[in-house]
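Inspection log for the structure reproduced underneath, given as structure tokens.
Each chain gets a letter, A, B and so on, in the order its sequence line appears, and its residues count up from 1.
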Protein chains: 2
Amino acid sequence: MARIQTQDALEIWCEVTSNIVSGDWPDLTLRQQAILMQVYLKPQPHTVRGLAKTLNITKPAVTRALDTLSALDLVRRKKDPNDLRNVLIQRTVKGSVFLSEFSDLFIRQADARGIEGPENRAAA
Amino acid sequence: MARIQTQDALEIWCEVTSNIVSGDWPDLTLRQQAILMQVYLKPQPHTVRGLAKTLNITKPAVTRALDTLSALDLVRRKKDPNDLRNVLIQRTVKGSVFLSEFSDLFIRQADARGIEGPENRAAA
DNA sequence: CAGAGTCAATACGCTTACGAAATAATCCAC
DNA sequence: GTGGATTATTTCGTAAGCGTATTGACTCTG
């Protein structure tokens with residue numbers, strides 16, 4: 001049982017961020033990244049209020065981040081038909097592509113360091 | 001041999017970014033993160049020009065990012081005594097703490113998913 | 001020691017982001 | 001329905017970011 005080490009973790013982070021920066025992707029803030037990840041990885045539905053609470057930031061900050069992410073077509077807004085006060089944040093193809101590139105970079109770096117997932121995922 | 005899977009990679013990234021955002025840390029841009037990581041993980045010395053080239057961004061962008069990171073005491077500027085045109089970017093205690101929290105979050109998430117480093121690091 | 005070359009930083013005009021407070025739209029209790 | 005909650009957004013003034021072009025400091029060549 002060999003846990004991941006600090007050096008590996010930081011190196012992976014360094015390579016992934018550096019690769020994203022030097023590529024064609026936009027210079028997202030940490031908040032925008034976090035919102036994007038939440039929308040794609042946590043169970044739906046996502047609302048402005050919910051994201052603000054989860055990430056411990058103000059609602060206007062979420063609204064503005066969504067403005068940016070929407071303009072980049074990384075997420076999409078949709079009125080909640082059950083409660084028109086709510087705005088549901090939905091995923092897009094382009095957002096999926098972005099996340100996919102993220103994980104590809106991540107996995108490539110992890111593989112290069114001999115890092116492995118669980119042998120038996122079902123039992124985990 | 002079980003490689004890391006996309007889902008694990010993205011979940012780790014999601015949790016780390018979300019935790020940093022909801023904590024007391026500043027809302028660094030991806031560029032600032034990348035510069036910070038480069039300075040701490042790649043061999044010294046680091047210059048504005050070198051970072052700009054590595055990350056494929058303009059020199060003024062690096063200068064501004066260093067303004068921000070310096071104000072936060074995450075890095076420090078120092079004139080190169082051998083060539084006073086150069087500015088060497090150096091590490092700080094606070095920056096080390098930041099990176100340390102980063103890696104702690106990362107490792108905690110990786111451990112929770114049964115992800116492991118190489119068994120025999122010397123042989124890797 | 002003069003002038004070209006190289007480094008980081010600054011100036012400029014513009015865009016984006018911030019938090020607090022105010023608005024607009026909607027729901028719900030009564 | 002009307003009034004009070006709740007949701008997201010907008011407004012406001014301010015701060016920070018961007019790229020291009022320029023400046024100021026320094027080095028090095030001839």
Side-chain angles (χ1 to χ4, degrees), chain A residues 17-18 20-39 44-90 98, chain B residues 17-18 20-39 44-90 98:
Chain A
T17 54
S18 297
I20 295 280
V21 166
S22 50
D24 285 335
W25 294 107
D27 185 28
L28 299 181
T29 67
L30 210 36
R31 290 177 170 191
Q32 292 163 350
Q33 294 171 56
I35 288 175
L36 189 61
M37 294 285 176
Q38 288 282 337
V39 168
Q44 315 236 28
H46 299 283
T47 64
V48 173
R49 174 169 172 72
L51 291 168
K53 185 170 183 185
T54 299
L55 298 174
N56 193 29
I57 57 180
T58 65
K59 278 197 296 180
V62 175
T63 294
R64 275 187 302 263
L66 292 176
D67 289 343
T68 302
L69 294 174
S70 299
L72 295 167
D73 196 29
L74 295 175
V75 301
R76 186 165 296 144
R77 284 180 168 104
K78 184 179 188 305
K79 281 277 187 191
D80 181 352
N82 297 325
D83 184 343
L84 293 176
R85 289 172 303 181
N86 287 336
V87 164
L88 305 179
I89 294 90
Q90 304 192 306
F98 182 84
Chain B
T17 54
S18 297
I20 294 280
V21 166
S22 51
D24 284 336
W25 294 106
D27 185 29
L28 300 181
T29 67
L30 211 36
R31 291 180 171 190
Q32 292 164 350
Q33 294 171 57
I35 289 175
L36 190 61
M37 295 284 175
Q38 289 282 334
V39 168
Q44 315 234 28
H46 299 283
T47 64
V48 173
R49 174 168 172 71
L51 290 168
K53 185 169 183 185
T54 299
L55 298 175
N56 193 30
I57 57 180
T58 65
K59 277 197 295 180
V62 175
T63 294
R64 277 187 301 264
L66 291 177
D67 288 344
T68 302
L69 295 174
S70 299
L72 295 167
D73 196 29
L74 296 175
V75 301
R76 186 166 296 145
R77 285 179 167 104
K78 183 180 189 304
K79 281 278 187 191
D80 181 352
N82 297 325
D83 184 343
L84 293 177
R85 290 171 302 180
N86 287 336
V87 163
L88 305 178
I89 294 90
Q90 304 191 306
F98 183 84

For Leu88(A) against Pro45(A), the heavy-atom pair lying closest together:
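What the structure gives for the nearest pair is CD2-CB, 3.8 Å.
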Can you list every pair that meets side chain to side chain donor-acceptor pair (under 3.5 Å) and has a residue in residues 24-39 of chain B, with sequence neighbours left out?
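Matches after skipping sequence neighbours: Ser18(A)-Gln38(B), Trp25(B)-Glu101(B).
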Taking only N/O atoms, report every protein-nucleotides 3-7 of chain D pair under 3.5 Å with atom names and distance.
residue : atom : partner  : partner atom : Å
dT6(D)  : O2   : Arg85(A) : NH1          : 3.2
dT7(D)  : OP1  : Arg49(A) : NE           : 3.4
dT7(D)  : OP2  : Arg49(A) : NE           : 3.3
dT7(D)  : O3'  : Asn86(A) : OD1          : 3.0

Measure from the side-chain N and O atoms of Ser70(B) to the backbone N and O of Asp73(B), and report whether any donor-acceptor pair falls under 3.5 Å.
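No: the side chain of Ser70(B) does not pair with the backbone of Asp73(B).
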For [X], enumerate each residue passing the side chain to side chain contact (heavy atoms under 4.5 Å, CB included) test, keeping only those at least two apart in sequence or located in another chain.
X        : value
Ser22(B) : Asn56(A)
Lys53(B) : none
Pro26(A) : Leu28(A), Leu72(A)
Lys79(B) : Leu84(B)

Just jot down the salt bridge (Lys or Arg N to Asp or Glu O under 4.0 Å) partners of Asp83(A), sequence neighbours excluded, or say none.
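Asp83(A): salt bridge (Lys or Arg N to Asp or Glu O under 4.0 Å) contacts with Arg85(A).
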What is the distance from atom CD1 of Ile89(B) to atom NE2 of His46(B), rounded to the nearest 0.5 Å?
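Those atoms lie 8.0 Å apart.
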Tell me, please, the opening and closing nucleotides of DNA chain C, 5' to 3', among those with an atom under 4.0 angstrom from a non-hydrogen atom of chain B.
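Going 5' to 3' along DNA chain C, contacts run dG5(C) to dC18(C).
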Indicate for each nucleotide in nucleotides 17-23 of chain D, in 5' to 3' sequence, whether protein heavy atoms under 4.0 Å reach the base (B), only the sugar-phosphate (S), or nothing (-).
SBBBB--
Where along residues 74-82 of chain B does a heavy atom fall under 4.0 Å from DNA chain D?
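Result for residues 74-82 of chain B: none.
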What pairs of residues pass the salt bridge (Lys or Arg N to Asp or Glu O under 4.0 Å) test when at least one of them lies in residues 56-71 of chain A, not counting sequence neighbours?
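Every salt bridge (Lys or Arg N to Asp or Glu O under 4.0 Å) pair that includes a residue of residues 56-71 of chain A, provided the two are not neighbours, is Asp67(A)-Arg77(A).
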